[in-house]
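To start, the structure under review is shown below, and the notes come after it.
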There are 2 protein chains.
Amino acid sequence: MSGQNIRLSVDAVVFGYDAGTISVLLIKRKYEPFKGKWAIPGGFVLQDESLEEAVERELKEETGIEIDYLEQLYTFGNPKRDPRSRVVSIAYFGLVHPSTFDIFAATDAEEVQWFKIDDLPQLSFDHDKILQFAITRLRAKITYEPIGFELLDEKFPFSDLENLYTTLLGRPVDRRNFRKKILSLDILDELDEKISKGSGRPANLFKFNQKRYNHLKKKGIVFEI
Amino acid sequence: MSGQNIRLSVDAVVFGYDAGTISVLLIKRKYEPFKGKWAIPGGFVLQDESLEEAVERELKEETGIEIDYLEQLYTFGNPKRDPRSRVVSIAYFGLVHPSTFDIFAATDAEEVQWFKIDDLPQLSFDHDKILQFAITRLRAKITYEPIGFELLDEKFPFSDLENLYTTLLGRPVDRRNFRKKILSLDILDELDEKISKGSGRPANLFKFNQKRYNHLKKKGIVFEI
DNA sequence: TTATATTTGTGTGTATATTACACATATGAG
DNA sequence: CTCATATGTGTAATATACACACAAATATAA
């Protein structure tokens, strides 16, 4: 027991969304093992920080990013997952708004990049497994928790939400029925603002009302698409 | 990084079911801290074993039990959760069939006991939090995965399943509608066997067909109550 | 300025699923 | 053989999900 020599790390799969594609944030490894290969950002947990603090610190150190939504994903503990020594990794998954996504997508730092999830490079360690796990969770979770809003701007036209769901679910959604359903949940505030995207009729902007959602949830009313 | 001194443990919340009550397996701690208090079984992960192996080993060592269903629950990493030193614990939740449950319920070893979940003793560490987490997961999960069968005998009358759901959901379910719904999922085999429980009409026995469920799941057909 | 292309916004009828509900049947016990 | 107890079953009413098309507001090009 006293001979336990297991190191503990955290890894974060961070998703961003723009114009019909989901991307994930990766870093290029500077050192062995897997030097030069892409990996999910992460690192070792420090003695006195919580796991969430470790994730946020590592993300800031390695990518400069600050996360809008973070949740624990799964803990990967296969004894052979790191070729050097025993490392157990607690994986998180995170979401960022387009404002964050855009900034970092623009700066093409060679060592930090967004990759579209259907055009991923080879990954280090068991990171492909972790990433697939995260994608599965994201796709599933948007159907029973209103986390999709974390991938949109604070104020968004309804079509953005619809496109996000079309993308994540991988199938078309009926515009009228989708709108009816979401609006019936009573978790969106319709704003007195319009946005015009090139040609076409300007769209009304909406805003997710987190407080109202929490309130409804407490009453046992569930989000479901 | 080399100064990391975090120990890694696993803990298991094991549930059993009998006659309208859900119970959980606890052990009485032999040593400080929390000596004499009840706790969820668990212990430190050994160098070369997987997390699941660690859980199974600890359960066997501490309680003698073998588990029928095991899944990772959540990783608890609050720096202060253990008063001695930093210990991160990966919690699992497990289910056992009544055959296992009955045996161990009978032997009233002073240091290992089943407790009804609405009559729990004070627990050590953050184990009450872990336990509540597990209960929440169990209650939620039986509505979208057919794991309830792991709490019943291999062959069971329909009323057992109905009572289990009534218990876990904490509300009555309509017998006819429930039966219709479950049978429509086509994951139960009706056997040519009857069981007679004291008085009343003997009940037909059913058996969960895991293969058929896996097959349906692969086709995207989901279990849902 | 007018016509055209583009995107948003909206309602109704149909099919499907969920819910409520009561009585006959098979057995054991007295 | 009567009574108590648990099982087994169907139908009608209601609610939910789904399919589907055209008018309104703007930008652009003629």
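What you see is a predicted model; the values in this text were computed from it and never measured. Each chain gets a letter, A, B and so on, in the order its sequence line appears, and its residues count up from 1.
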Spacing between Arg171(B) atom CZ and dT19(C) atom C1', to the nearest angstrom: 12 Å
Contacts of Tyr213(B) that satisfy ring pair (Phe, Tyr, Trp, His ring centres under 6.0 Å) - sequence neighbours left out: none
Show the distances under 3.5 angstrom between N or O atoms of the protein and N or O atoms of nucleotides 12-17 of chain C.
residue : atom : partner   : partner atom : Å
dT12(C) : O4   : Lys180(A) : NZ           : 3.0

All side-chain contact (heavy atoms from CB on, under 4.5 Å) counterparts of Lys181(B), not counting sequence neighbours: none
Nearest-angstrom distance from the residue atom CG of Asn163(A) to P of dT7(C): 10 Å
Counterpart residues, ring pair (Phe, Tyr, Trp, His ring centres under 6.0 Å), relative to Phe133(A) (two or more places apart): Tyr74(A), Phe76(A)
Aromatic ring proximity Phe178(A)/Tyr165(A), centre distance under 6.0 Å: yes
Test item: side-chain donor near acceptor, Lys217(B) and Asn214(B), under 3.5 Å: no
Please table the atom pairs, donor to acceptor, closer than 3.5 Å between any side-chain atom in residues 21-30 of chain A and protein atoms at least two apart or in another chain.
residue  : atom : partner   : partner atom : Å
Thr21(A) : OG1  : Asp18(A)  : O            : 3.0
Lys28(A) : NZ   : Glu110(A) : OE2          : 3.2
Arg29(A) : NE   : Pro33(A)  : O            : 2.7
Arg29(A) : NH2  : Pro33(A)  : O            : 3.1

Qualifying residue, where the test is side chain to side chain donor-acceptor pair (under 3.5 Å) with Tyr92(B) and the options are Glu56(B), Glu58(B), Glu52(B): Glu52(B)
Protein N or O to nucleotides 6-9 of chain D N or O, pairs below 3.5 Å:
residue : atom : partner   : partner atom : Å
dT7(D)  : OP1  : Ser159(B) : OG           : 2.5
dT7(D)  : O2   : Arg201(B) : NH1          : 3.3
dG8(D)  : OP1  : Asn204(B) : N            : 3.0
dG8(D)  : OP2  : Arg179(B) : NH1          : 2.8
dG8(D)  : N7   : Arg175(B) : NH1          : 2.5
dG8(D)  : O6   : Arg175(B) : NH2          : 2.9
dT9(D)  : OP2  : Arg179(B) : NH2          : 3.4

Spacing between Glu193(A) atom CD and dA25(D) atom P, to the nearest angstrom: 19 Å
Ile195(B) CD1 - dG28(C) P separation (whole Å): 13 Å
Length of the CZ-C1' vector between Phe178(A) and dA19(D), whole Å: 17 Å
Between dT18(C) (C1') and Ile225(B) (CD1): distance, integer Å: 13 Å
Phe149(B) and Phe223(B) aromatic ring geometry - parallel, tilted or perpendicular at 30°/60° bounds: perpendicular
